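These numbers were taken from a predicted model, which means no experiment stands behind them.
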Amino acid sequence: MRPDTPAENVDHTAEAARLERTAGLYPEDAEALLLRAAAHLELAGDRPTASTLYDRLLSSPDGLENPHLVRALKASNLWEYGHEAEARAIIEGVRVASPRDPAPWVIVAESLESHDELEAAHDTFTEAVQRLLSNVEEPPYATHPLLFGRHRVRRMLGRSHDEWDALADTVHSLPITLDELHDPKRVWSLGSENPAELEAEILRLRAELGAYREALSRPFPVAVLHWPAAELSELLEAYPTLASEYPTHEEHLATIETALRELSASGTPNLGIVTGTVPSYEAFAASELSSPDDTTLLPQYATTLAARGRAVAWPPQSGAACWCGSEAPYRECHGADQGKGGTANASLNTP
């Protein structure tokens, strides 16, 4: 499905079937592809089949990159077609697991909110922001829905502003304030016969729509291609001409960090890193009817991985492990290496 395809023109059932077939062709990307397939099934109203896909993922013998996200989506879906008790149990399990990824927190909190469990939603949002944003200099983009959701629920509960609400105000970029957008009295203005009130509400709705469109239209990341040491050794052994791109693994890692810093300094948003494997790269080259030693394939391969949802956001969150796989904190590894690195010619995509 093209990103610009109008929603009303989408055959969600057919799109889900296509994504399932694609997952069979690219097993390394099955998790991301099947999650998208399940989303289409939910939009088609086939929630039981969507739950079957979530169960299929959770029973995968190879494990999942983000099992908490899958469980959160399953819980939200179950609640929508009457399985409230099971949904609540899964939501509690996600909260107890306390994932570092903000997405599962957002999904379970909004599920509680949508079923008028406002106190539980508030507690979940609060637990998430305290877990993920304490001692963080600047909230990552992915955590903004936590701050906005918490602000929205607190307005509905009539709570006064606190420090997290103030932080939500600072990251909110639309001309209409969060207090206006989250005003509980707005629903009454929709039935008003006062033209001024209706015009004000139309402006607020446009602002909200703009925020949703901005979130949905964010492209997949500008992603730099990373080869782990073992994969790079295997790649160069099989295709020695690529040594001109990757003289040493240390220089390769330094080049990635340098390229990302330069992109960030130039104002490029939404940066990420995709990790390559030799079998996946060879399969991609074959699909392009080309040879893996063709250096022009490298940025295309990075684009493909990013489009399949394989990119990891850069820079890592405060306290997180470095992207290079060393398990050392980023700030003590490549994040501390401000003045070093190779020339910024890393293979990257340009969406």
Sidechain-backbone polar pair: His334 side chain, Tyr330 backbone, donor-acceptor under 3.5 Å: no

So, do Phe125 and Arg152 sit near enough that their side-chain heavy atoms are less than 4.5 Å apart? yes

Is any side-chain heavy atom of Cys324 closer than 4.5 Å to a side-chain heavy atom of Cys333? yes

Check: His122 side chain, Val153 main-chain N or O, donor-acceptor pair, under 3.5 Å: no

The criterion is side-chain hydrogen bond (donor to acceptor under 3.5 Å, both in side chains); which residues satisfy it with Glu84, sequence neighbours excluded? Arg88

Do you know the tightest heavy-atom contact between Ser51 and Leu78? OG-CD2, 3.7 Å

Find out if a path of hydrophobic residues (ILVMFWY) with successive side-chain heavy-atom gaps under 4.5 Å connects Met156 to Leu146. yes

Between His151 and His161, ring centroids under 6.0 Å: yes

Counting N and O atoms only, with roles assigned by atom type, does the side chain of Ser98 sit under 3.5 Å from a partner on the main chain of Arg95, one being a donor and the other an acceptor? no

Is the backbone of Arg56 close enough, under 3.5 Å, to the side chain of Ser59 for a donor and an acceptor to pair up by distance? yes

Is Ser111 reaching over with its side chain to a backbone N or O of Ile107, donor-acceptor style, under 3.5 angstrom? no

Taking atom types as modelled and ignoring hydrogens, do the side chains of Tyr26 and Ser280 form a donor-acceptor contact shorter than 3.5 angstrom? no

Can you confirm whether the side chains of Ser291 and Asp293 place a donor and an acceptor under 3.5 Å from each other? yes

For the hydrophobic clusters of this structure (ILVMFWY residues joined by side-chain heavy atoms under 4.5 Å, transitively), does one cluster hold both Leu25 and Tyr301? no

Is there a side-chain contact between Val129 and Thr143 in this structure, where contact means two heavy atoms from C-beta onward sitting under 4.5 Å apart? no

Hits for salt bridge (charged side-chain N to carboxylate O under 4.0 Å, His left out) against Asp55, two or more places apart or cross-chain, chain-then-number order -> Lys74

So, for Pro99 and Val94, which heavy atoms are closest and what is the spacing to 0.1 Å? CD-O, 3.3 Å

My understanding is that only residues two or more places apart in sequence, or in another chain, count here; which of them pass salt bridge (charged side-chain N to carboxylate O under 4.0 Å, His left out) with Glu119? Arg159

Answer yes or no: are there more than 12 heavy-atom neighbours, outside Gln130 itself, under 6.0 Å from its atom CD? yes

Any side-chain to backbone donor/acceptor pair from Arg131 onto Arg100? Under 3.5 Å, distance only. no

Keeping Glu31 on the side-chain end and Leu57 on the backbone end, is there a donor-acceptor pair under 3.5 Å? no

Nearest heavy-atom approach of Pro140 to Leu133 is CD-CD2, 4.0 Å

Assign the ring pair His12 / His40 to parallel, tilted or perpendicular, where the plane angle (0 to 90°) is split at 30° and 60°. tilted

State whether Arg150 and Asp162 are salt-bridged, where the test is any N-O pair (Lys NZ or Arg NE/NH1/NH2 against Asp/Glu carboxylate O) under 4.0 Å. yes

When you measure from the side chain of Ser264 to the backbone of Leu260, do you find a donor-acceptor pair of N or O atoms at a distance under 3.5 Å? no

Verdict with supporting geometry, His144 and Tyr141, ring-ring contact (aromatic ring centres under 6.0 Å, His included): CA-CA 5 Å; His144 290 187; Tyr141 183 88; 5.4 Å; yes

Could you grab the distance from atom CG of Leu225 to atom CZ of Arg310, nearest 0.5 Å is fine? 13.0 Å

Indicate yes or no: does Glu257 engage Arg261 in a salt bridge with an N to O separation below 4.0 Å. yes

My understanding is that only residues two or more places apart in sequence, or in another chain, count here; which of them pass side-chain hydrogen bond (donor to acceptor under 3.5 Å, both in side chains) with Arg155? none

Tell me if a side-chain donor or acceptor on Glu231 pairs with a main-chain N or O of Val278 at a distance below 3.5 Å. yes

Below 30° counts as parallel, above 60° as perpendicular, anything between as tilted: where do the rings of Tyr246 and His252 land? perpendicular

Within a strict 4.5 Å, meaning less than it, do heavy atoms of the Asn270 and Val222 side chains meet? no

Report yes or no: do Glu245 and Tyr239 form a side-chain donor-acceptor pair below 3.5 Å? no

With sequence neighbours left out, write down each residue that passes side-chain hydrogen bond (donor to acceptor under 3.5 Å, both in side chains) with Thr49, or none if nothing qualifies. Asp46

I'd like to know if the side chain of Thr304 reaches the main chain of Gln300, judged simply by a donor and an acceptor atom lying under 3.5 Å from each other, with no hydrogens or angles considered. yes

Residues that Thr277 engages under side-chain hydrogen bond (donor to acceptor under 3.5 Å, both in side chains), provided they are two or more places apart: none

